[in-house]
Amino acid sequence: MKVICESCGTIFKTAVVEGMDCCPVCGAPFDDNEEEIDLDMNPSEEEGLMYFDEIMIFEKAPELNNVSAYCKDCGKINPLDLDKFDKLVNKKYVILKKDVTLTCEGCGREHKPRKILYRLKDHYAPPLPRCPVCNSVMLKKISATSKFLAAAALGSFALPYNSKTYECKNCGYRF
């Protein structure tokens with residue numbers, strides 16, 4: 001188990017700070033009622049936990065402010081309003097209010113600790129383009145060579161073809 005100082009963000013092993021009332025680095029008092037968090041979890045203990053990867057704050061639209069928490073199990077992103085948090089420590093962790101429980105919208109698992117650790121998602125894949133006609137992802141990118149050859153052969157009549165980027169392998173639609 002490890003303890004995180006909320007003032008400076010230093011992470012200590014529980015045995016090191018067991019009898020201490022304040023942080024040895026910054027001198028801030030430890031809050032006795034704060035939960036300890038295990039940062040060295042094995043994969044079976046890590047199941048069901050949520051992590052956050054982004055705190056979004058919009059000055060012009062404060063109603064959109066949120067923390068993007070994602071479920072480790074199903075990968076579902078759960079946007080949480082900022083009023084559900086006691087403390088936001090960017091790039092380290094966030095602390096939920098005592099009466100707030102966090103349940104994943106995707107798989108229904110409940111996040112037990114009050115602290116949600118920062119961790120980037122394992123992968124961020126850009127969304128795949130889809131055919132607007134048949135919604136297929138089986139697309140072929142129209143090459144610059146074929147556009148050039150069409151322009152050489154057809155001249156200005158090739159303009160509708162040359163303005164397209166993809167061709168659907170399923171239905172043949174170009175967009």
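Along the sequence shown, residues are numbered consecutively beginning with 1. The structure displayed is predicted, hence computed values, not measured ones.
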Would you find a donor on one side and an acceptor on the other, under 3.5 Å apart, between the side chain of Lys97 and the backbone of Asp83? yes

Would you find a donor on one side and an acceptor on the other, under 3.5 Å apart, between the side chain of Asn78 and the backbone of Lys76? yes

Do any pairs count as a ring pair (Phe, Tyr, Trp, His ring centres under 6.0 Å) and have a residue in residues 139-162, sequence neighbours left out, and if so which ones?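 Qualifying pairs, neighbours excluded: none.
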
side-chain hydrogen bond (donor to acceptor under 3.5 Å, both in side chains) against Ser143, all qualifying residues, sequence neighbours excluded: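 Counting only residues at least two positions away or on another chain, Ser143 forms a side-chain hydrogen bond (donor to acceptor under 3.5 Å, both in side chains) with Ser146.
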
Heavy-atom pair of closest approach, residues [X] and [Y]:
X: His111; Y: Lys115; result: NE2-O, 3.1 Å
X: Cys71; Y: Cys107; result: SG-SG, 3.6 Å
X: Pro113; Y: Leu96; result: O-CD1, 4.3 Å

Would you check if [X] and [Y] make a side-chain contact, meaning some heavy-atom pair closer than 4.5 Å?
X: Leu82; Y: Val67; answer: yes
X: Tyr51; Y: Tyr70; answer: yes
X: Asp81; Y: Asn65; answer: no
X: Phe85; Y: Ile95; answer: no
X: Lys87; Y: Val94; answer: no

When rounded to the nearest 0.5 angstrom, what is the spacing between [atom1] in [X] and [atom2] in [Y]?
X: Lys140; Y: Ile142; atom1: NZ; atom2: CD1; answer: 7.5 Å
X: Lys147; Y: Ser163; atom1: NZ; atom2: OG; answer: 7.5 Å
X: Glu110; Y: Met50; atom1: CD; atom2: CE; answer: 9.0 Å

Set of salt bridge (Lys or Arg N to Asp or Glu O under 4.0 Å) partners for Arg130, sequence neighbours left out: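 Counting only residues at least two positions away or on another chain, Arg130 forms no salt bridge (Lys or Arg N to Asp or Glu O under 4.0 Å).
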
Please determine whether residues Val137 and Leu139 belong to a single hydrophobic cluster, defined as Ile, Leu, Val, Met, Phe, Trp and Tyr linked transitively by side-chain heavy-atom distances below 4.5 Å.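 Per the 4.5 Å side-chain linkage, Val137 and Leu139 are not co-clustered.
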
Summary of side-chain hydrogen bond (donor to acceptor under 3.5 Å, both in side chains) pairs that have at least one residue in residues 165-175, sequence neighbours excluded: none

Donor-acceptor pairs under 3.5 Å, side chain of residues 99-106 to any protein atom, not counting sequence neighbours: which ones?
none

Residue set satisfying side chain to side chain contact (heavy atoms under 4.5 Å, CB included) with Leu64, at least two apart, ordered chain then number -> Phe58, Ala61

